[in-house]
**Student:** 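Questions regarding the structure given below will be posed in turn.
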Amino acid sequence: MPAHSDHRWFTSAEEAATGASSFERCLNGLWKFHYARNPSSTPAGFESSAYDTSGWDDIPVPAHIQLQGYDRPQYANVQYPWDGHETLEVGEAPSLFNPVGSYVTTVVVDEAPAEGERLSISFKGAESGIAVWLNGTFIGYGEDTFTPSEFDITDAVVVGENKLAAQVFKWTSASWMEDQDFYRFSGIFRDVMLYRRPRAHLEHLEVSVDLPDPLDRATVSVATELVGDGSVTATLVGVGPLSEVDGVLTVEVDQPRLWSAEDPYLYDLVLEVREADGAVTEVVPQRVGIRRFGIEDGLLRINGKRIVFTGVNRHEFGLQGRVMSREQTEADIQLIKANGLNSVRTSHYPNNSFFYELCDEYGLYVIDEMNLETHAMWDKVAHGVVDVEEALPGDRPEWLEPLLDRAVSMVRRDRNHPSIVIWSCGNESFGGTNILEVSNYFRSVDNRPVHYEGVHWDPRYPETTDMVSTMYTPADDIEAFLKTNRDKPYVLCEFAHAMGNSFGAVDKYLDLAYREPLFQGGFIWDFADQAIALKDRYGRDYFGYGGDCGEAPHDSEFCGNGILFADHTPTPRMQEVKYLYQGFATRINADSVTITNRMLFTDTSAYDAVATLTREGVAVASAGLETAVAPGETETYPLPLSIPQEPGEYAIEVSYRLREATRWAPAGHEVGWEQVAVAVPGVVAPAALPAPEVVDGIHNIGVRGAHFEALFSRLYGGLVSYRYGFTPDGGHELLKSMPMPNFWHAPTSNEKGWGAPFLDGDWLLASRYARPLRDPKNPVVTRLDDSVVLTFAYELPTRPVSGCEIAYRVFGDGRVEVTVKVRPGDGLGDLPEYGMLFSIDADYKALRWYGEGPDECYVDRRGGARLGVYSADVNDMLTPYLRPQESGSRTGVRWAEVTDSGGAGIRFECPGGMEFSALPWSPFEIENAPHAIDLPPVQRTWIRPALMRRGVAGDDSWGAETHPEYRLPATGELVFTFSFVGIR
Ligand code: GAL
């Protein structure tokens with residue numbers, strides 16, 4: 001059946017109010033199922049009424065068959081999933097291995113359709129092709145995984161039991177256009193609905209809004225496509241009836257309340273269809289958002305205001321794959337709103353209708369993307385393997401019709417959603433006339449701007465897109481481009497590739513968006529890790545990625561790029577997202593606060609602003625701040641607090657909170673904030689104790705005080721024991737291994753992506769195989785009035801060799817000040833990190849720190865972290881990225897304590913702030929584990945105080961290096977000083 005709008009119809013207004021229509025029935029449930037590995041092994045004649053399927057398996061509908069024990073999930077990015085298994089021409093479906101699911105269910109129909117009534121069955125999503133029979137009669141076949149395939153069954157239906165049979169082919173000709181970067185599944189994965197259409201039926205409706213300046217009056221009009229002999233009337237609730245003008249129903253709205261993501265106000269439109277005799281055949285409720293979106297004066301604008309997309313790409317994907325419920329979707333949208341994002345791109349296909357309904361209601365701007373991606377073919381063109389003529393869909397005439405069909409199916413279904421502001425022609429399919437036709441089609445039926453990124457790669461038809469769109473372009477390059485190219489607004493349809501420990505230097509994009517009008521923001525890649533919940537051989541649960549289901553080819557953990565984990569809980573990157581995407585830019589000075597309101601329609605007085613003052617994590621004062629900054633304006637207010645005279649470090653914070661609960665967060669929820677640290681000098685250091693005693697043995701040098709003893713080994717070249725406190729056995733031994741300089745961490749996904757480990761190898765060796773200089777004068781012992789210093793010299797196995805020195809200055813109270821110096825050999829590349837590696841017993845696992853947090857932060861991703869005192873369990877400190885990698889660090893750490901259940905342990909200090917992590921595993925153990933379950937049993941706590949770790953980067957994950965200011969160049973001498981002391 002032709003595509004139509006996604007409205008619902010009811011028998012009466014009363015029925016509409018219940019939300020349950022007697023014209024529809026959901027056919028979801030357990031269906032009979034037969035699995036065949038290819039089309040030639042399917043059960044012949046299974047669709048006929050005589051065929052007995054009682055012995056078949058049961059399968060839930062909706063579901064991917066690959067998550068129900070058949071076939072296997074396959075995660076593939078660019079590569080076609082069948083690539084290398086079977087030689088195919090473009091458009092051919094694999095025949096050797098190409099799973100086919102045969103489905104059977106019984107549909108009971110109590111009443112025969114009355115004269116003129118129609119019955120249909122709609123499969124809202126079947127991957128990738130579906131054939132349907134009713135009572136043995138072939139009804140039809142459909143492709144396009146992500147829009148409904150609806151079949152008219154009126155002529156085949158009988159009163160009583162009907163045998164509905166369907167066959168779903170994993171790969172069809174359509175699959176060539178469905179090469180999105182995702183898990184490859186098949187089956188009926190969205191709802192199946194049975195519909196009855198009354199004799200006079202509203203088959204399709206199109207709501208249009210005309211909202212000229214000065215936006216104080218709107219015309220709402222509705223074009224209708226009626227089937228049968230009837231007429232339609234409509235009322236806009238609270239406004240009045242619509243009247244017919246040239247076959248279109250219209251109504252004027254005075255002083256309309258405008259829809260936007262900030263105030264998603266919806267009007268209710270109610271349509272009534274009547275037969276000639278006046279009897280109402282159906283009532284159709286339709287929500288209407290009055291808004292204007294488009295390119296005006298060269299910029300993308302919502303209700304006349306320049307928009308900045310603070311967006312995210314979202315695959316409709318959860319722990320059941322692409323089988324998503326409305327409830328799960330609503331939970332996602334609540335998270336999106338609560339974290340201050342304003343937009344979503346439906347990468348890379350139309351979603352379930354309820355997604356758009358929820359976006360209308362919650363307020364999100366949506367780029368609705370057509371189901372098209374031919375990435376593997378585009379790769380061939382891009383790499384010069386084939387000519388431009390072979391691009392798919394390219395200019396190939398035979399692909400135009402199926403392509404347009406997808407465009408029609410999307411636009412007809414979705415166009416009445418005010419949340420949708422842009423149509424997208426698909427993803428990564430190069431260019432050509434066919435996609436140009438698609439974009440022209442969008443423009444011919446609707447006034448929304450059209451997006452297509454492929455023009456960047458194939459500029460032959462620039463008119464395919466109304467905006468410049470690229471992905472992963474560094475902010476500097478965008479700025480440079482816009483210096484000379486000013487004819488179209490610029491969006492990043494994908495940026496900030498959030499794979500593993502990533503999302504560094506994203507502030508540069510936001511800075512640019514608020515500096516350069518033509519750069520209108522972008523969409524983070526992406527929303528949630530796509531992973532499969534699996535069990536290992538010991539029955540332990542884990543999240544699997546490409547290859548874990550035994551599939552080939554695959555793209556391993558490239559499916560894990562979410563700002564949420566696979567279970568849709570936030571990753572630490574969300575801390576940064578929320579900070580960068582907030583609607584407030586706040587500058588705090590000693591006595592004033594300057595606030596810029598980045599929102600478009602909301603005054604800051606809509607939020608509670610609260611200023612707080614803390615001293616080393618302890619609240620000192622708090623005061624409300626009355627603000628009234630109009631959208632787009634900047635105002636300065638006196639700081640309602642003053643900084644006390646008492647020496648110490650203070651943090652001043654201004655936080656904006658919801659005054660009232662919304663659908664997405666409770667009252668008090670924080671929507672923006674800023675913090676600064678201010679030091680009041682004059683902290684007096686405690687009086688120094690006399691220098692500790694030195695016990696100069698043959699192989700060991702002991703340094704002892706009233707309740708501690710440190711043992712330095714001449715033999716092994718370092719600090720071999722540090723005991724602290726009074727216990728019968730002479731104090732707690734705190735060290736499990738000799739602290740050594742450390743330059744290494746388990747490579748992050750981004751580091752692997754840009755080839756860092758290949759370049760960093762010297763620093764891995766340096767971290768594992770440093771050796772003390774063989775010299776009787778090593779260590780050098782220097783006695784001072786208040787301390788004794790033991791300086792050990794090492795050489796590091798880099799090429800050329802690097803020099804290193806660790807000086808331990810031990811004070812009478814047991815405090816040890818450590819100064820590590822490194823002189824890198826000439827020509828070495830920059831260091832992954834620079835610090836020391838300690839290991840202590842795993843009983844020491846309670847972590848408390850005064851520094852930035854609460855979540856993980858790195859030098860290029862610390863905007864969202866705030867200074868405070870935090871605590872955590874060491875066992876929770878390694879962030880559960882899909883593949884274990886460097887993670888769990890904190891920046892600006894002034895001190896950190898790791899203690900046991902009795903409160904004994906060790907404290908590290910670095911008043912100027914260091915990077916600090918305490919993890920249950922060493923960097924080497926982490927690097928070796930493909931999944932968290934592969935990490936060894938916990939025996940120690942590994943502590944890594946560091947001057948700095950290399951920034952995590954993330955402009956992309958396949959070549960973008962850490963920005964230079966966040967790296968540790970191997971030049972000159974590097975010096976890091978910190979101290980530690982026992983806690984008893
Ligand atoms: C983009 C693509 C996305 C995803 C991403 C890498 O090129 O559009 O779908 O594959 O790269 O994670």
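Worth saying up front: this structure is predicted, and the values here are computed from it rather than measured. Order of listing sets the numbers, starting from 1, for every ligand and every atom in it.
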**Student:** I want to check a possible cation-pi pair here: R190 against F123, using under 6.0 Å from ring centre and within 45° of the ring axis as the test.
**Tutor:**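 Relative to the ring axis of F123, which defines the angle, R190 lies outside at least one limit.
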**Student:** Under the salt bridge (Lys or Arg N to Asp or Glu O under 4.0 Å) rule, what pairs show up with a residue in residues 457-482, not counting sequence neighbours?
**Tutor:**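 Found D395-R460, R443-D466, D458-R460, E479-R515.
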**Student:** Quick check for students: name every N or O atom pair between ligand 1 and the protein closer than 3.5 Å, with distances.
**Tutor:**
residue, atom, partner, partner atom, Å
ligand 1, 7 (O), E428, OE1, 3.1
ligand 1, 7 (O), E428, OE2, 2.5
ligand 1, 8 (O), N427, ND2, 2.8
ligand 1, 8 (O), E428, OE1, 3.0
ligand 1, 8 (O), E494, OE1, 3.1
ligand 1, 8 (O), E494, OE2, 2.6
ligand 1, 9 (O), H348, NE2, 2.6
ligand 1, 10 (O), N77, OD1, 3.4
ligand 1, 10 (O), D181, OD2, 2.4
ligand 1, 12 (O), H497, NE2, 2.6
ligand 1, 12 (O), W525, NE1, 3.2
ligand 1, 12 (O), N561, ND2, 3.1

**Student:** Hydrogens and angles aside, do S128 and S175 bring a side-chain donor and acceptor to less than 3.5 Å of each other?
**Tutor:**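 Yes, a side-chain donor-acceptor pair sits under 3.5 Å.
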**Student:** Are a donor atom and an acceptor atom from the side chains of R861 and N501 found within less than 3.5 Å of each other?
**Tutor:**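 Their side chains do contain a donor-acceptor pair, which is all the 3.5 Å distance test asks for.
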**Student:** In a check of salt bridge (charged side-chain N to carboxylate O under 4.0 Å, His left out) between R406 and each of E437, E369, E178, which one passes?
**Tutor:**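 Only match with R406 under salt bridge (charged side-chain N to carboxylate O under 4.0 Å, His left out): E178.
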**Student:** Locate the shortest heavy-atom distance separating W176 from T374; write the atom from each residue and the value.
**Tutor:**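 Smallest heavy-atom distance, with atoms named: O-CG2, 3.3 Å.
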